[in-house]
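Computation of the quantities below employed the complete heavy-atom set of this structure, encompassing side-chain atoms and omitting hydrogens, waters and symmetry-equivalent molecules. So that the names make sense, note that chain A is the first sequence line, chain B the second, and so on, each numbered from 1. Quick caveat, the model's predicted, so the values are computed rather than measured.
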Number of protein chains: 2
Amino acid sequence: MVGQKPADALMVGSSCATHKTDLHLSADQAERVADLFKTLGHPVRAQIVMMLSRGGGDVCVCDIERHFDVSQPTISHHLKKLRDAGVVYGVQHGLWVHYSLVPGVLETLRQFLNGLD
Amino acid sequence: MVGQKPADALMVGSSCATHKTDLHLSADQAERVADLFKTLGHPVRAQIVMMLSRGGGDVCVCDIERHFDVSQPTISHHLKKLRDAGVVYGVQHGLWVHYSLVPGVLETLRQFLNGLD
DNA sequence: CCACTATATAGACAAATATCAATATAACAA
DNA sequence: TTGTTATATTGATATTTGTCTATATAGTGG
C-alpha cells in the first residue's frame, strides 16, 4: 500500500475552485491495477502477452525467444514477472514449456480504462 | 526500441509444436503501449488518473495532494511523469494549476487490451 | 517593494529493475 | 549412465525509479 490517506481525509474543502475528487477506487484496488499495468509496462512483456493472445495460447518459450534480441535468461525473467503477476502460466511438455494467458486476468484493466475519459 | 529482432527473423521453424507467434504489433507500437502502461503502473498515478476522470477534469493540484500521504514534491514528480507520457496536462489558474486527462489518450491501451484474450 | 502561497525543480539516496554470463535443473535419447 | 537440449536460477552490474529535504519560481495581495 503506497502513500494512501485514510478515507475520512477525502473531500475536505480548499480555497481553490475544484473539489470533484472522490476516488471510487480503494487503495487495494489501485495497487492491483497498478501492479498489472507495471507488469505490462515493458515492451518485451507487452509483446509476449500479445503473442500469447494472437497464438491462442500454448506458445513455446523457444518461439517467444526467437522474436527478441535479448538473452534467454532475460526472456525467462520477463516470463517470471508475468507469471508472478498472474498474467500468464506455463505448462511443461517434455523439454519445452508452453505459455498461455490466464483467462480474464486483463478484465480488471479493461474495466479501469473503460471507466475513464 | 528494446531488444526487437528485425521482421524477417519472425516465423522461422522450430522443433517444438507451436508456431502461432506473429506479432501484429510493431516494435514502435509496443514501445508506446508499454510506455503508457508503465506510466499507469504506480498506484499514486493510477489514482490521479482516476481522480481526473471522475472529476471531469480541471482538478486542482491542491486537491490531488490531499488524497495521498506523500510529500508535495512527490506528487509533483508523478504529475510530471503523467505529463511527459502525454496522459495529462495542466493549466494555470492564478496560483493554482488544474489538471485534466488528455482526451482519447488511453484509447491506445483500450485497443491493445480489447485485442487480447 | 515585501510577504505569502502553490507548484515545480534540484540534489541526494535507497530500492527496484533490466540485463548478461555462468550455472543449475530436468527431461529426453542413445 | 552419459550426453544433449530447453528452461530456470544465481549473481553481478548499470540504470531507473520513488522518495525526501531544500530551494526556486511565479502569482497574489498588502
Side-chain angles (χ1 to χ4, degrees), chain A residues 1-5 13-19 21 30-31 34-35 37-48 58-85 88-100, chain B residues 1-5 13-19 21 30-31 34-35 37-48 58-85 88-100:
Chain A
M1 201 77 66
V2 173
Q4 182 68 41
K5 282 220 178 148
S14 76
S15 51
C16 78
T18 77
H19 309 288
T21 52
E31 205 87 24
D35 194 60
F37 277 136
K38 184 157 68 168
T39 300
L40 298 180
H42 188 287
V44 168
R45 292 195 294 266
Q47 287 178 90
I48 288 174
D58 272 319
V59 175
C60 184
V61 174
C62 60
D63 286 327
I64 296 173
E65 283 169 6
R66 264 181 255 292
H67 289 81
F68 301 100
D69 218 7
V70 297
S71 69
Q72 177 268 317
T74 296
I75 295 293
S76 204
H77 161 80
H78 288 304
L79 287 171
K80 178 166 169 46
K81 289 222 144 189
L82 288 164
R83 277 194 325 266
D84 288 351
V88 309
Y89 65 95
V91 178
Q92 190 120 20
H93 283 260
L95 269 182
W96 297 280
V97 178
H98 291 183
Y99 276 83
S100 304
Chain B
M1 200 79 65
V2 173
Q4 182 69 40
K5 282 222 178 143
S14 76
S15 50
C16 77
T18 79
H19 308 287
T21 53
E31 206 86 26
D35 195 60
F37 276 136
K38 184 157 67 169
T39 300
L40 298 181
H42 187 287
V44 167
R45 293 195 294 267
Q47 287 178 89
I48 287 174
D58 272 320
V59 175
C60 184
V61 174
C62 60
D63 285 327
I64 296 173
E65 284 170 4
R66 265 183 253 293
H67 289 80
F68 300 100
D69 218 7
V70 297
S71 69
Q72 176 269 317
T74 296
I75 294 294
S76 205
H77 162 80
H78 288 304
L79 287 170
K80 178 164 169 47
K81 288 220 144 191
L82 288 164
R83 279 196 322 267
D84 288 350
V88 309
Y89 64 95
V91 179
Q92 191 120 20
H93 284 262
L95 269 181
W96 297 280
V97 178
H98 291 183
Y99 275 84
S100 304

Rounded to the Å, how far apart are [X] [atom1] and [N] [atom2]?
| X | N | atom1 | atom2 | result |
| --- | --- | --- | --- | --- |
| A:His78 | D:dA8 | NE2 | C1' | 15 Å |
| B:Leu79 | C:dT9 | CG | P | 11 Å |
| A:Phe68 | C:dA18 | CZ | P | 14 Å |
| B:Leu82 | D:dT17 | CG | P | 13 Å |
| B:Glu65 | D:dC20 | CD | P | 12 Å |
| A:Glu31 | D:dG18 | CD | P | 13 Å |

Query raised in the report: Where do A:Val91 and A:Val97 land on the side-chain contact (heavy atoms from CB on, under 4.5 Å) test, with the steps shown first?
Result: CA-CA 5 Å; A:Val91 178; A:Val97 178; 5.9 Å; no
Under 4.0 Å from OP1 or OP2 of [N]: is there any side-chain N or O of [X] that close?
| X | N | result |
| --- | --- | --- |
| B:Thr74 | D:dT19 | no |
| A:Tyr99 | D:dA8 | yes |
| B:Arg83 | C:dT9 | yes |

Requested in this report: To the nearest 10°, let me know how far the axis at one end of the helix from C:dC1-D:dG30 to C:dA30-D:dT1 is tilted from the axis at the other, five pairs an end.
Outcome: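 Terminal axis comparison yields 20°.
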Query raised in the report: Going by the salt bridge (charged side-chain N to carboxylate O under 4.0 Å, His left out) test, which pairs reach into residues 37-48 of chain B, not counting sequence neighbours?
Result: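 Residue pairs passing salt bridge (charged side-chain N to carboxylate O under 4.0 Å, His left out), neighbours aside: none found.
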Report task. If a pair satisfies salt bridge (charged side-chain N to carboxylate O under 4.0 Å, His left out) and one of its residues is in residues 88-100 of chain B, list it, with sequence neighbours excluded. Result ->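 Applying salt bridge (charged side-chain N to carboxylate O under 4.0 Å, His left out) to every pair that reaches into residues 88-100 of chain B, excluding sequence neighbours, yields nothing.
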Report task. By nearest nucleotide on DNA chain C, pick out whichever of B:Lys80 and A:Ser71 is the more 5' one. Result -> B:Lys80
Requested in this report: Quick one: list whatever passes ring pair (Phe, Tyr, Trp, His ring centres under 6.0 Å) with B:Tyr99, sequence neighbours left out.
Outcome: none
Query raised in the report: A:His78: what forms a ring pair (Phe, Tyr, Trp, His ring centres under 6.0 Å) with it, not counting sequence neighbours?
Result: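 Checked A:His78 against ring pair (Phe, Tyr, Trp, His ring centres under 6.0 Å); matches are A:His42.
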Query raised in the report: Would you call A:Ile48 and A:Leu79 a side-chain contact if the rule is heavy atoms closer than 4.5 Å?
Result: yes
Query raised in the report: Are side-chain heavy atoms of B:Lys80 and B:Asp84 found at a separation under 4.5 Å?
Result: yes
Query raised in the report: Which residues satisfy the side-chain hydrogen bond (donor to acceptor under 3.5 Å, both in side chains) test with B:Ser76, sequence neighbours excluded?
Result: none
Report summary line: The side-chain hydrogen bond (donor to acceptor under 3.5 Å, both in side chains) partners of A:Ser100 (sequence neighbours excluded) come to none
Query - Which nucleotide in C:dA6, C:dC20, D:dA8 has an atom nearest any side-chain atom of B:Trp96 - result: C:dA6
Report task. Taking B:Thr74 for its side chain and B:Val70 for its backbone only, find out whether a donor-acceptor pair lies under 3.5 Å. Result -> no
Query - A:Ala34 to B:Pro43 - nearest heavy-atom pair and separation - result: CB-N, 3.4 Å
Close N/O contacts between protein and nucleotides 11-17 of chain C (under 3.5 Å):
{"unit_1": "C:dT17", "atom_1": "OP1", "unit_2": "A:Lys38", "atom_2": "NZ", "d": "3.4"}

Report task. For each nucleotide in nucleotides 23-30 of chain D, reading 5' to 3', give B when a protein heavy atom comes within less than 4.0 Å of its base, S when such contact involves only the sugar-phosphate, and - otherwise. Result -> ---BBS--
